[in-house]
Peer 1: 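First the structure, which I've put down as structure tokens, then a few questions once you've had a look.
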Amino acid sequence: NHMRGRGRVGEREKTVLRIAHWQLEPGIREALDWVIGEYQELHPDVEIRQILIPEEGYFRWVNTQLIGRTAPDMIECGLGGSPELWRMFYARYFLPLDEYVDEPNPYNQGTVLEDVSWRETYFDDMLGGYEETLQTYFRVPLSAFTLRLYYNADMVGEVWDEDERGTPFPRTYEEFVELCELLQEQQGEGFVPISGSSYSFDRIIHVYRTALTAGYHDRLDTDYDGTVSRLESAAPLFSGRLDMREEGAIRATFELLREIAEYSPPGATAMGRDEADFLFLQERAAMMPTGSWDYSSLMERAEGQFTLAVAEMPLPSPDHPRYGPYVTGPPTEAHTQGAFPFAITRTSPNADIALDFLQFASSLKYNEALNEQMFWLPAIGEAQPREELEPFTPRVEGYAQTVEFEAPGTAMSFRHTLPVFLAGTHDYETFVDRYMASFRRELPDQGVPEHIRDMNRTLDQQKRYGSIRRAAISGAAGADAILTGDPAEQHMRIMEAYVGQRASRDHEVHTWVEHARYYHEQR
Amino acid sequence: MSRPESPIARVLKHSYLWVMLALTFLPFYIMLVISFKTNTQFYRQPWTLTFPLHFENWAIAWETVSVYIANSVFLAVTATLISLVIAILAAYVFGRFKIPFGDFIWAAILLLLLMPGVANLVPLFRVMTELRLLNSLIGLALVGAAGGQIICLYVLRNFIEDMPREFFECARIDGASHLQQIVHVVIPQCGGIISTLAILRFVGEWNSFILPLITLRDPDKLPLAVGLFRLQGAYVKQWGPLMAAYFISAIPLVILFAFTMRFFIRGIGEGAIKG
Amino acid sequence: MPREVVRFRHLKSYWPLYLLLVPSLALIAAFMYFPAFSGIYYSFFRWDGDELATFIGLENFHRAFGDPRLGYSFIVVGILFVANLFKMIPSIVTAVVIHRITSDRLRYVYRLLFVVPMVIPWMVVVLIWKFFYDPILGLLNAVLRPLGVLDLLGLGPFPAWLGEARLIIPALIIWGFPWIGIIGVLIYLSGLEKIPSSVYECAELDGVGWLGKFFYIELPLIATQVRINLVLMIIGVLQGFDMILVLLGAEGGPEGAGLVPGLYMYYAAFIERRAGYACAIGILLFFVIVILTYINNKYVRVET
Amino acid sequence: MAEVTLNNVSKVYPGGVRAVNDVNLEVEDGSLLVLVGPSGCGKSTTLRMVAGLEEITDGDIYIGGRLVNDVLPKDRDIAMVFQNYALYPHMTVYKNMAFGLKLRKYARDEIERRVQDAAELLELTPLLERRPRELSGGQAQRVAVGRAIVRHPQVFLFDEPLSNLDAKLRVQMRVEIARLHEQLGATMIYVTHDQVEAMTLGTRVAVMKDGYLQQVATPMELYDHPVNMFVAGFIGSPPMNFIRGELERSGPDVRFLGPDFSLMLPDRLASAVEERAGRRVAFGIRPEDIHDRAFAPETDPDNTKTIRAEVVEPLGAETLVYLRTPSQDEDVVARFDSRSNPHVGQDIEVVFDMTRAHLFDLESEESLTYETETAPTV
Amino acid sequence: MAEVTLNNVSKVYPGGVRAVNDVNLEVEDGSLLVLVGPSGCGKSTTLRMVAGLEEITDGDIYIGGRLVNDVLPKDRDIAMVFQNYALYPHMTVYKNMAFGLKLRKYARDEIERRVQDAAELLELTPLLERRPRELSGGQAQRVAVGRAIVRHPQVFLFDEPLSNLDAKLRVQMRVEIARLHEQLGATMIYVTHDQVEAMTLGTRVAVMKDGYLQQVATPMELYDHPVNMFVAGFIGSPPMNFIRGELERSGPDVRFLGPDFSLMLPDRLASAVEERAGRRVAFGIRPEDIHDRAFAPETDPDNTKTIRAEVVEPLGAETLVYLRTPSQDEDVVARFDSRSNPHVGQDIEVVFDMTRAHLFDLESEESLTYETETAPTV
Ligand SMILES: Nc1ncnc2c1ncn2[C@@H]1O[C@H](COP(=O)(O)OP(=O)(O)OP(=O)(O)O)[C@@H](O)[C@H]1O
Ligand SMILES: Nc1ncnc2c1ncn2[C@@H]1O[C@H](COP(=O)(O)OP(=O)(O)OP(=O)(O)O)[C@@H](O)[C@H]1O
Ligand SMILES: [Mg+2]
Ligand SMILES: [Mg+2]
């Protein structure tokens with residue numbers, strides 16, 4: 001209890017830390033409390049309190065707390081707001097962790113991970129905590145999430161004979177479509193094969209877009225940081241170097257999505273999660289794509305009614321006449337979700353303790369135990385997930401996301417036009433025309449032209465530091481030789497490079513310069 | 001007033017009201033039904049009663065919300081009282097008199113009501129930080145009152161303007177000061193609207209969510225609206241206890257309503273003024 | 001009633017009136033003006049909601065005027081406004097019906113009963129309406145389908161009221177059925193309570209029927225209350241967006257069919273963090289509200 | 001046919017106030033009944049029950065032979081002037097008056113004509129566009145009257161319709177109402193506290209007290225033959241003087257023994273009360289039946305007394321003299337001819353016109369001389 | 001010291017209605033001024049300005065020598081009875097009356113005492129716990145009076161405070177108000193339309209018309225010496241008769257030539273108007289100065305005419321006779337002794353008491369005989 005111990009006679013004043021997150025469902029808080037309790041055993045002079053903020057107000061809460069400089073020591077990141085916003089938050093308000101990630105996690109002492117750098121203890125090399133554009137680590141993920149297709153095994157079994165087909169569930173997209181047809185035929189009106197909401201649809205889009213357009217990676221990663229940021233993909237779309245009408249892969253992606261939409265409830269893109277759950281649990285739908293976080297609750301709710309099973313979203317086989325040529329492979333499940341990631345605020349007077357606690361929570365032993373309690377997947381590679389969660393184990397191999405259609409500032413246009421296209425109201429050309437029209441109208445305000453203009457100027461710098469950084473991160477032999485020596489100096493250069501890239505947005509400049517200066521002063 | 005009334009009219013009136021009531025009460029039925037369900041039952045059969053009934057939901061709900069009720073009551077009562085009191089004072093001035101600069105001040109106040117305030121949160125937070133009102137229920141109540149009074153002021157001014165002036169004149173001759181006129185004339189005769197505004201403000205404060213969420217740090221100061229979200233996880237909502245908790249937290253409100261509804265008095269001006 | 005005119009030379013004896021304004025003004029000055037003025041101030045800036053602000057003059061406004069989406073959002077809100085004018089009727093009717101209940105005790109009971117639903121939490125309301133509109137499980141389609149209305153309108157068997165651009169505005173209009181605004185009812189009621197019963201009696205002798213009483217007596221005599229509710233409605237409809245936000249999401253649904261200025265403002269301020277632009281939209285919206293309010297106050301008048 | 005009949009009508013207000021008690025009243029078709037009585041005696045309540053505005057606690061009301069207990073006011077074809085006017089605050093004077101007609105779907109020009117006529121009559125023409133709160137008290141009252149008279153219903157109910165008007169206007173209005181009554185042949189019930197109005201207007205006058213009906217009669221009959229002390233005291237202003245005393249019989253003569261003087265009863269009275277000799281009675285005489293001896297039509301020395309004038313109120317046309325007898329605690333009021341010129345404190349010789357005297361039982365307050373013929377007033 | 005002085009006071013209502021015009025009026029400390037005038041002439045407005053409830057458009061008002069134009073009502077130490085009562089609907093009768101005292105922080109038992117006394121006086125004791133809407137019209141009015149009299153201010157303003165009371169109660173109240181006036185020595189302004197009230201109560205009476213003050217004088221002076229036709233016609237009920245005609249001079253005599261008959265003016269009048277011979281004038285005579293010849297105090301054959309009785313209104317104490325001369329369009333009203341017994345349609349010999357006649361200029365309506373001495377009424 002947070003009140004206890006504060007005024008205990010004769011005891012030294014405790015150092016109080018706060019940790020804020022939005023996981024209010026039962027179990028999470030208790031699990032976290034348990035870890036905190038364990039930690040406080042070790043450090044009796046520290047008290048850590050949880051601040052639970054409902055999802056509804058989380059972003060506004062974070063926003064005001066950060067701006068008001070009243071934020072707690074640790075904050076769960078990523079909910080609400082655009083990626084650019086969070087990036088800005090990281091740069092401005094959060095502590096970079098770069099210098100720690102390459103050191104071993106002290107709490108792993110005595111385990112197999114004793115000598116492994118903190119970063120490498122993660123199943124994904126801590127990519128979930130890495131901010132590519134800033135080329136900096138800010139977050140400490142404590143869990144992992146993966147997306148799966150849940151299905152009603154009884155219902156599917158009726159039309160999908162495992163013995164005959166060889167698998168309990170379609171393995172390819174072609175079979176999947178067949179299954180949908182069969183289900184629809186059998187169940188008739190008032191039934192949809194796939195239940196979905198705007199929430200799950202975003203995730204489906206991600207899967208298929210990555211699977212079909214992974215080939216664009218080399219073309220679009222113009223700053224060679226290893227990922228295609230939204231600006232990087234928006235720039236060619238804007239300039240016309242990447243024409244949605246011409247690119248077969250992109251067209252195929254959207255057409256595939258439209259096909260899936262046909263098997264989903266009408267207007268699924270506007271539906272909420274609860275409605276999707278209702279359809280699925282009341283057996284008006286046979287399948288529902290959602291994340292591992294839902295597993296325990298769906299299991300509980302389906303129990304006694306139907307058998308719940310889980311599969312991966314099936315991809316088109318290379319033989320698929322329409323999509324086959326474009327399919328490269330599944331998306332990687334490294335860092336697909338923020339996965340309970342915490343960052344330490346700069347205003348925290350006890351950043352060292354906060355870091356220590358997060359290391360404690362991400363140590364092999366406690367991360368495993370924590371996730372065991374939360375019914376989630378642990379983030380540490382060697383940690384064992386619960387048995388039930390086996391099907392969700394993240395698949396690190398795979399492709400990273402490339403083309404991102406929602407550029408900063410155009411997300412609204414995308415969400416306006418896509419549902420209409422998915423609903424079959426008009427054809428692909430019209431959709432592209434409409435979307436590109438507002439895309440062109442709105443993007444100029446978002447720094448994309450500047451990005452394009454400044455690209456070349458900054459590219460050299462970027463390349464140089466990028467490669468240095470990557471070399472350092474991957475521990476490449478001889479990297480030290482290239483380093484200029486002082487890591488602070490090095491970091492500042494990188495930040496300046498980013499700043500140069502966005503120089504036209506003077507307030508941004510301010511931010512980045514400030515960030516760089518801060519970092520410098522810390523040394 | 002007791003005069004004969006045609007039976008058809010009576011039946012029509014009552015049946016209209018019952019139909020409307022049935023429609024507006026539908027959510028209660030749903031809340032009640034859901035409050036006895038586990039999540040499993042809820043997702044399978046949301047709208048009808050399913051067995052077994054899970055009374056423990058209510059226990060959970062009570063445990064969750066009981067700690068917050070006092071905070072909410074304090075916050076809502078304080079904010080409502082402050083906003084009503086200051087709004088009545090000002091409404092009396094604006095509704096009864098045309099004072100120099102009065103129209104200007106009025107416009108300056110009213111325009112605030114008309115100003116959309118979406119981007120106000122951060123500046124407001126800054127103000128509260130400056131005034132050291134963070135993490136304080138009184139501070140919240142003051143802010144709530146500051147914003148809430150404007151609508152009360154607007155409504156009350158209109159009502160006071162409509163009051164027969166003889167009442168004020170009589171009081172003035174009797175030697176009533178402005179405050180006394182407010183206490184003895186305005187408040188008793190505007191009982192209906194004041195109680196309406198009290199309800200409006202009270203419910204508003206009761207449900208206010210974002211500002212308490214942002215400005216309160218100590219969990220033991222949180223009001224109900226924020227506390228209730230404990231039952232509403234990001235991935236899993238606890239429907240049964242949640243609905244039970246809503247029910248529980250509605251009880252103080254209903255008591256308040258029953259009390260304030262008494263201030264509606266029919267035909268108050270009757271027999272008092274001839275003409 | 002015309003107000004008493006206090007002239008400058010009277011201030012010697014009337015200055016306490018200003019004292020009565022002090023508490024109100026003090027709170028407003030403390031908590032309302034800075035946020036409001038910063039809104040105006042920042043509408044001339046490119047502002048991220050924090051300390052970074054670049055003065056850009058009228059560019060935000062310039063942009064707003066060239067923003068077709070904003071223009072469309074005003075059309076949407078215009079339609080909703082007109083619809084809401086009609087949605088005021090049930091409240092008035094309900095208030096009048098309650099008022100006409102002759103028994104004091106029953107009237108109290110009814111008033112209480114009507115007020116009680118105010119405690120229904122927003123979340124439950126949203127839940128119910130979302131399921132009301134649900135294409136497959138929803139009550140609306142379940143009612144309309146057997147009646148043949150869906151076929152008649154060519155909507156197919158399972159129209160998604162919240163997922164189809166053309167159905168969104170109708171859905172937003174239907175929302176809230178039977179459209180009884182409880183606070184509105186109470187405001188009307190407290191106006192009705194003030195009608196002296198002798199006026200009713202006189203009307204009765206004049207041979208006014210139940211409908212005539214409504215149009216000739218009640219409606220004109222609660223014009224003040226109608227005006228108040230109109231202002232509240234104008235503010236609510238033009239500034240409001242919560243309901244659309246939960247029903248349709250921050251983007252206002254497919255094609256932005258439900259994107260109202262308030263929602264757009266919210267989106268700009270919180271999702272895109274273009275707070276300066278949001279403030280500029282706010283200012284434009286503010287002018288529209290002021291004009292509507294002015295018209296309302298000028299033309300909806302008690303004729304006494 | 002619109003006679004109004006009240007059968008054993010009572011009214012108990014929710015608080016338990018018995019405002020009207022067991023009233024039986026018949027107002028013939030086309031006649032005008034004036035209802036008088038002290039403040040709070042139930043006049044307005046009675047009218048309101050007839051109009052259907054107040055539920056009848058007990059008894060039946062018939063209009064034109066039809067039981068109307070459960071008939072809605074608008075179906076009773078009644079126009080009423082409310083004591084408190086009850087103007088529609090949101091309508092102009094014109095609209096206030098036209099409203100009832102408009103509802104009954106009269107032609108526009110017919111409405112216009114009637115309202116203009118009524119306005120003319122009530123001197124409201126320049127005020128037609130004003131709203132009620134811009135009117136003076138008397139103007140508002142006239143609008144209330146106007147609103148009733150533009151309609152031509154079967155029954156008119158007037159509740160003190162002229163109380164706020166000056167004497168001149170009041171006379172004028174009273175004449176107009178009388179003419180209207182004649183013209184329309186409508187039944188009217190008219191509440192007033194103005195004696196002159198009651199006397200001049202009413203074919204019949206009903207007197208109420210504490211919710212009970214006391215007497216219904218023609219004005220002169222009420223004046224000359226009050227059934228009890230209340231009616232005797234109520235009708236006439238200044239009211240009848242009462243002197244408490246005893247009856248004494250001496251041979252064929254019966255004398256009234258007051259505290260200060262005794263009076264000889266004329267035969268007519270004597271025969272009516274002779275068997276009550278020795279009982280305590282009240283002797284009643286109207287102020288105008290006490291004359292200054294100098295101007296008295298006839299002077300009966302037996303009934304001429306000398307009494308001191310305590311107060312003298314010259315009223316122009318006549319003079320009121322308050323006479324104080326030594327052991328009497330109330331003044332005896334006399335209404336003298338204006339030529340008589342008494343001074344305060346002066347002892348005056350006054351003549352009691354015994355032919356117009358009344359005697360009342362002191363216990364029951366009933367008149368003992370009700371049945372006997374008094375000298376006619378006219 | 002609380003004399004009330006109005007200097008050139010005017011009031012224009014926002015709509016442009018000129019309610020009060022340039023009124024000069026002085027009410028001495030401790031005196032009672034009665035304000036009369038036709039409906040809508042500005043009486044209430046005048047009172048309201050004195051009370052400080054209405055802004056004064058022009059002119060100054062002094063109370064006790066102090067200019068009060070900008071003084072708040074509560075600082076004027078005034079009590080007022082509103083024409084429309086203005087009782088607080090949410091307070092009981094007791095609280096309504098106690099309110100003013102409570103505000104002035106009187107001791108609880110002092111309040112109790114005063115309210116109980118007033119209630120006793122006004123016969124409101126059983127109603128003290130009622131609310132205004134459970135009162136009859138007259139009861140409400142009495143509460144309004146009670147509310148004023150419990151306070152003992154310097155100045156009382158009464159706006160038709162007794163209009164809804166029956167005659168008997170009215171007399172009683174009137175006496176009480178007079179007594180209160182004497183007891184407290186407060187200055188009072190009293191609006192009434194009741195002639196008797198005006199005559200008996202007022203030390204002085206002010207007559208208004210259309211916002212203009214016409215005459216301020218003692219009651220008798222007003223009655224006997226009206227300055228113009230308006231005052232002459234307004235005071236007295238039935239009002240003075242006016243006959244339009246010409247003056248004719250023949251030697252020392254001056255005669256009034258009416259349309260139907262001529263009358264000989266007595267010397268007093270003759271000398272006042274002789275130079276106006278030939279001019280059109282109005283001859284004015286009060287009803288009580290026209291006598292039935294049979295009962296006339298003196299009969300001047302020159303001024304005895306025979307006229308037909310058109311309407312006869314017996315009022316009990318006297319009889320009104322409406323005489324119709326052939327070419328006159330208005331009736332001449334005579335107030336006969338009650339012993340006289342005229343019949344409708346009968347030709348009656350009437351005597352005009354010329355010593356009490358008036359003559360008015362027909363154009364300016366001013367009295368030509370104002371300065372002359374009429375025979376005193378008293
Ligand atoms: N608020 C107002 N606005 C405009 N005119 C008004 C207002 N109040 C009164 N008047 C007018 O001013 C004139 C004087 O009104 P006031 O009330 O003083 O009359 P009054 O002498 O009291 O008459 P009454 O005997 O009928 O009460 C009237 O013609 C009236 O119509
Ligand atoms: N609503 C009511 N509730 C209770 N008592 C009432 C109500 N209305 C009137 N009374 C009482 O009923 C009695 C009769 O009232 P009513 O109004 O009929 O008197 P009234 O004869 O018209 O008197 P007035 O001449 O004073 O108008 C009074 O004593 C009054 O106090
Ligand atoms: Mg009455
Ligand atoms: Mg008046």
Side-chain angles (χ1 to χ4, degrees), chain B residues 1 5 9 13 16-17 20-21 23-25 27 30-31 86-87 89-90 92-93 96-100 105 109 112 114-116 118-120 122-124 127 142-143 145-147 149 155 158 161-162 165 178 192-193 196 199-200 203 246 250 253-254 257-258 261 264-270, chain C residues 1 3-6 8 16-17 20-21 23-24 27-28 31-32 34-36 38-39 49 94 97 100-102 108 110-113 115-121 124 128 178 180 183 186-187 189-190 193-194 196-197 210 224 228 235 239 262 265-266 269 275 278-279 282 285-286 289-290 293:
Chain B
M1 205 168 45
E5 177 192 22
K13 281 190 285 196
Y16 170 83
L17 291 178
M20 289 298 158
L21 278 176
L23 287 174
T24 48
F25 266 72
I30 288 169
M31 281 164 72
I86 64 179
L89 296 183
Y92 168 79
V93 176
R96 282 271 298 128
F97 301 95
K98 230 174 138 61
I99 52 173
I105 301 174
I109 296 176
L112 283 177
L114 308 182
M115 185 93 82
V118 168
N120 283 355
V122 171
L124 185 59
V127 172
L142 282 177
V143 175
Q149 64 157 333
V155 174
N158 275 289
E161 247 178 8
D162 274 358
R165 58 201 273 192
H178 294 303
I193 191 62
T196 303
I199 290 176
L200 178 71
V203 173
Y246 280 137
L253 287 173
V254 174
F257 295 167
M261 279 301 103
F264 280 79
I265 303 160
R266 180 168 207 159
I268 190 154
E270 215 177 314
Chain C
M1 286 290 144
R3 294 175 293 156
E4 187 178 330
V5 181
V6 177
F8 267 109
L17 287 179
L20 297 181
L21 296 181
S24 191
L27 275 191
I28 283 176
F31 298 111
M32 306 284 298
F34 176 65
S38 70
T94 306
V97 173
R100 288 202 193 164
I101 297 288
T102 36
Y108 170 76
Y110 274 122
R111 265 191 329 248
L112 185 56
L113 286 178
V115 172
V116 166
M118 273 197 79
V119 306
I120 296 170
V124 178
I128 290 170
I180 293 181
I183 285 297
L186 289 184
I187 290 179
L189 265 177
S190 48
E193 306 285 349
K194 289 200 160 195
S197 63
W210 58 274
T224 301
I228 291 172
I235 295 173
Q239 295 186 359
M265 202 163 103
Y266 170 85
C279 289
L285 197 53
F286 168 71
I289 297 176
V290 167
T293 311

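From a predicted model like this one, the values you see are computed outputs, not experimental measurements. Chain A is the first sequence line, chain B the second, and so forth, proteins listed ahead of strands; every chain is numbered from 1.
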Peer 1: Between B/Val143 and chain C, which part of the residue has a heavy atom less than 4.5 Å away: side chain, backbone, both or neither?
Peer 2: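 Both backbone and side chain of B/Val143 come within 4.5 Å of chain C.
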Peer 1: Is B/Met115 in contact with chain C via its backbone, its side chain, both, or neither, using a 4.5 Å heavy-atom distance?
Peer 2: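 When you check distances to chain C, atoms from both the backbone and side chain of B/Met115 fall under 4.5 Å.
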Peer 1: Select one option (side chain, backbone, both, neither) describing which atoms of C/Ile28 are under 4.5 Å from chain B's heavy atoms.
Peer 2: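 Both the backbone and the side chain of C/Ile28 come within 4.5 Å of chain B.
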Peer 1: Need one label for B/Tyr16: side chain, backbone, both or neither, based on atoms under 4.5 Å from any heavy atom in chain C.
Peer 2: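 When you check distances to chain C, only side chain atoms of B/Tyr16 fall under 4.5 Å.
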Peer 1: Report the option among C/Ser24, C/Pro23, C/Ala36 that has the most heavy-atom pairs separated by less than 4.5 Å from atoms of chain B.
Peer 2: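 Ranked by contacts with chain B, first place is C/Ser24.
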Peer 1: Can you name the closest pair of heavy atoms from B/Gly147 and C/Met32 and give their distance?
Peer 2: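 Minimum heavy-atom separation between B/Gly147 and C/Met32: CA-SD, 3.6 Å.
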Peer 1: Who pairs with B/Tyr246 by side chain to side chain donor-acceptor pair (under 3.5 Å), at least two apart in sequence or on another chain?
Peer 2: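 By the side chain to side chain donor-acceptor pair (under 3.5 Å) rule, B/Tyr246 matches no residue at all.
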Peer 1: Quick one: pull up OH in C/Tyr110 and NZ in B/Lys13 and give me the separation to the nearest 0.5 Å.
Peer 2: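 Reported to 0.5 Å precision, the distance equals 10.0 Å.
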Peer 1: Could you go through the side chain to side chain contact (heavy atoms under 4.5 Å, CB included) check for B/Val203 and C/Ile183 one step at a time?
Peer 2: CA-CA 11 Å; B/Val203 173; C/Ile183 285 297; over 6 Å; no
Peer 1: Any heavy-atom pair between the side chains of B/Leu200 and C/Leu186 that's under 4.5 Å?
Peer 2: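 No - every pair of side-chain heavy atoms lies 4.5 Å or more apart.
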Peer 1: So which part of C/Leu17 gets closer than 4.5 Å to some heavy atom of chain B, the side chain, the backbone, both or neither?
Peer 2: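 Answer is both: backbone and side chain atoms of C/Leu17 are under 4.5 Å from chain B.
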Peer 1: Taking all atoms of both residues into account, what is the closest heavy-atom pair of B/Ala146 and C/Leu27, and its distance?
Peer 2: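 Looks like CB-O, 3.6 Å.
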Peer 1: If you measure from CG on B/Leu17 to CG on C/Leu113, what distance do you get to the nearest 0.5 Å?
Peer 2: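 Here the interatomic distance stands at 9.5 Å.
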Peer 1: Testing the basics here: between C/Pro35 and B/Pro123, what is the closest heavy-atom pair and its distance to 0.1 Å?
Peer 2: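 Reported closest heavy-atom pair: CA-CB, 3.8 Å.
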Peer 1: Show the nearest heavy-atom pair for residues B/Met261 and C/Arg111, with the distance to one decimal.
Peer 2: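 Result for this residue pair: O-NH2, 3.1 Å.
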Peer 1: At their closest point, which heavy atom of C/Phe34 faces which heavy atom of B/Val127, and how far apart are they?
Peer 2: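 So the two residues come closest at CD2-CG2, 3.1 Å.
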Peer 1: With a 4.5 Å cut-off on heavy-atom pairs, point out which of B/Val254, B/Ile193, B/Leu253 contacts chain C the most.
Peer 2: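 Answer, by heavy-atom pair count under 4.5 Å with chain C: B/Ile193.
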Peer 1: Is the shortest side-chain heavy-atom distance between C/Lys194 and B/Asp162 below 4.5 Å?
Peer 2: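 Answer no - side chains too far apart.
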Peer 1: Side chain, backbone, both or neither: which part of B/Ile30 has an atom under 4.5 Å from a heavy atom of chain C?
Peer 2: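 Looking at B/Ile30, just its side chain touches chain C.
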Peer 1: Name the member of C/Ile187, C/Leu21, C/Leu189, C/Ile289 that forms the most heavy-atom pairs with chain B at distances under 4.5 Å.
Peer 2: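 It is C/Leu21.
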Peer 1: At a 4.5 Å cut-off on heavy atoms, which part of C/Thr94 comes close to chain B: side chain, backbone, both, or neither?
Peer 2: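 Both parts, backbone and side chain.
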Peer 1: Considering non-hydrogen atoms only, spot the tightest contact between C/Ile120 and B/Met31 and give its length.
Peer 2: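 The pair with the smallest heavy-atom distance is CG2-SD, 4.4 Å.
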Peer 1: I'd like to know which of B/Pro100, B/Pro27, B/Ala250, B/Ala145 tops the heavy-atom pair count under 4.5 Å against chain C.
Peer 2: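 Going by pairs under 4.5 Å, I would pick B/Pro100.
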